[in-house]
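Indexing begins at 1, ligand by ligand and atom by atom, following the structure's order. FYI, side chains are in, hydrogens and waters are out, and symmetry mates aren't considered; it's all heavy atoms of this structure.
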Amino acid sequence: MTDDKQSMTVNGSPVWGDLDDPCKLKGNPLAGRDLLRLLDLTPAEMHKLLSTARSQKTAWNANERVQPYVGKAVAVILEKPSLRTRVSFEVGITRLGAHPIVMSDANSAFSRGETIQDTIKVLERFVDAIVIRSFAQQRVEEIAHWASIPVINALTDDYHPCQGLADFLTMFEHRGDLSKLKLAYIGDGNNMAHTYLEGGALTGMRVSIATPQGYEPDPKITSECRALAKETGAVLELCYDPEQALQAADVVITDTWTSMGDEAEHDVRLKAFSGFQITADSFRLAAAGAIFLHCLPAHRGEEVTDEVMDAPYSAIYDEAENRLHAQKALLSLTMADI
Ligand code: CP
Ligand code: NVA
């Protein structure tokens with residue numbers, strides 16, 4: 001991503017191919033598409049999503065109001081807790097003119113044992129897109145299999161692509177050309193680590209991940225990302241030494257050591273991850289001008305200190321805000337008429 005100058009609406013409808021569009025694509029190839037993981041995108045599509053988010057954010061901040069989806073509705077199904085995802089989707093969908101229907105209680109969506117097929121086939125008679133936060137990636141894939149409307153993964157055990165879009169947007173805004181950056185991720189080889197490998201591979205970044213032994217990213221996902229990295233020039237490195245990964249990093253990221261669903265392992269994980277905390281001292285290994293990101297919620301005093309969270313180089317609240325802009329761009333493009 002190198003610019004933010006593409007306009008994104010004509011007569012209130014999202015558009016894809018400006019004449020100077022670096023993607024050189026005609027039409028909008030994201031119309032009607034799912035986003036279940038970042039690798040569902042091509043590098044050009046990732047670029048387009050980020051540049052659309054930038055354009056929409058700039059327009060919103062200049063008080064331009066575009067509501068392309070008045071009369072449409074989006075179901076947001078949350079099978080795990082959420083603050084940012086729920087609120088950012090609800091607000092973003094409303095800003096697009098559409099109606100969000102959030103189902104997060106124990107009595108909605110899939111709670112009565114109906115099959116995924118029946119649930120989705122009914123739901124899509126009412127709504128125009130489905131946002132789903134769940135456990136197994138396979139469940140979200142099955143939902144997408146039955147749905148003829150866009151399905152957006154709002155976090156599974158394996159991936160968090162919406163957070164990834166927000167994070168790569170934040171990196172671009174703070175540090176510029178993504179292909180010139182080194183990202184260091186210190187912590188669990190979890191859904192966020194997978195998402196950074198995927199986003200790094202798509203944008204041609206250098207991504208260095210340090211985990212304790214036994215907590216590495218999924219080897220299958222790593223090798224899929226490395227295959228793409230060969231085309232984009234990305235460098236994807238895994239190691240067990242936080243100091244090695246942090247050296248000269250432009251972006252330093254961590255995440256909770258105990259993800260949703262891992263709570264029973266909390267004490268074991270606290271021990272396994274000792275030495276992986278991001279501190280003001282360890283941050284000094286990063287490059288001059290480096291920023292700190294965390295998808296949040298953070299466990300201050302575990303994976304990161306207060307000093308880092310609250311430092312001038314911490315961009316965590318910009319990152320949280322960018323969930324809204326990134327998801328709004330994603331829905332703008334995927335909910336467009338095919
Ligand atoms: N980062 C993120 O997805 O936050 P929530 O779990 O609060 O939605
Ligand atoms: N890895 C964390 C991310 C939370 C947004 C989890 O899955 O709980």
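Atom CG in Asp158 sits 8.0 Å away from atom CG in Asn191 (nearest 0.5 Å). Taken from NE2 in His99 to CD in Glu90, the straight-line distance is 8.5 Å, to the nearest 0.5 Å.
Assignment of Asp188 to the shell around ligand 2 is not supported, since no heavy atom sits closer than 4.0 Å.
With 3.5 Å as the limit, one finds a donor-acceptor pair spanning the side chains of Glu124 and Ser148. A side-chain N or O of Asp318 and one of His174 form a donor-acceptor pair less than 3.5 Å apart. With no hydrogens or angles considered, no side-chain donor-acceptor pair links Asn28 and Lys48 at under 3.5 Å. Side chains of Glu321 and His325: a donor on one and an acceptor on the other come within 3.5 Å.
Aromatic ring pairs are classed by plane angle as parallel below 30°, tilted from 30° to 60° and perpendicular above 60°; the pair Trp257 and Phe273 is parallel. Ring geometry for Phe283 against Tyr313 counts as parallel: the plane angle stays under 30°, on a 0 to 90° scale with 60° as the upper cut.
Geometrically, Arg95 does not engage Tyr69 in a cation-pi contact defined by less than 6.0 Å to the ring centre and at most 45° from the axis.
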Just do the salt bridge (Lys or Arg N to Asp or Glu O under 4.0 Å) check on Arg323 and Asp167 with the steps written out, would you? CA-CA 8 Å; Arg323 289 292 302 277; Asp167 290 8; over 6 Å; no
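Residue nearest to atom 6 (O) of ligand 1, selected from Arg133, Lys80, Met260: Arg133 (by heavy-atom distance).
Protein heavy atom nearest atom 4 (O) of ligand 1, with residue, atom name and distance: Arg84 NE, 2.8 Å. If you check which protein heavy atom lies closest to atom 8 (O) of ligand 2, you get Met260 N, 2.8 Å. Annotation: atom 2 (C) of ligand 1 to nearest protein heavy atom, Arg323 NH1, 3.3 Å. Nearest protein heavy-atom contact of atom 7 (O) of ligand 1 is Leu83 N, 2.7 Å.
Proximity of Asn191 to ligand 2, defined as any heavy-atom pair under 4.0 Å, is confined to the side chain (atoms from C-beta onward). In Leu296, the part holding a heavy atom less than 4.0 Å from any atom of ligand 1 is the backbone. At a 4.0 Å heavy-atom cut-off, ligand 1 touches His160 through the side chain alone.
Looking at Ser259 next to ligand 2, an N or O pair under 3.5 Å apart turns up. The distance criterion of under 3.5 Å between nitrogen or oxygen atoms is not met by His160 with respect to ligand 2.
Atoms of ligand 1 lying under 4.0 Å from at least one heavy atom of Cys295, given by number and element, are 1 (N). In summary, the atoms of ligand 1 found under 4.0 Å from a heavy atom of Gln163, numbered by their order in the structure, are 1 (N), 2 (C), 3 (O). Within ligand 2, the atoms closer than 4.0 Å to a non-hydrogen atom of Leu155 are 3 (C), 4 (C), 5 (C), 7 (O), numbered from 1 in the order shown. Interface atoms of ligand 2 facing Leu296, defined by a heavy-atom separation under 4.0 Å, are 5 (C). Those atoms of ligand 2 with a heavy atom of Asn190 less than 4.0 angstrom away are 1 (N).
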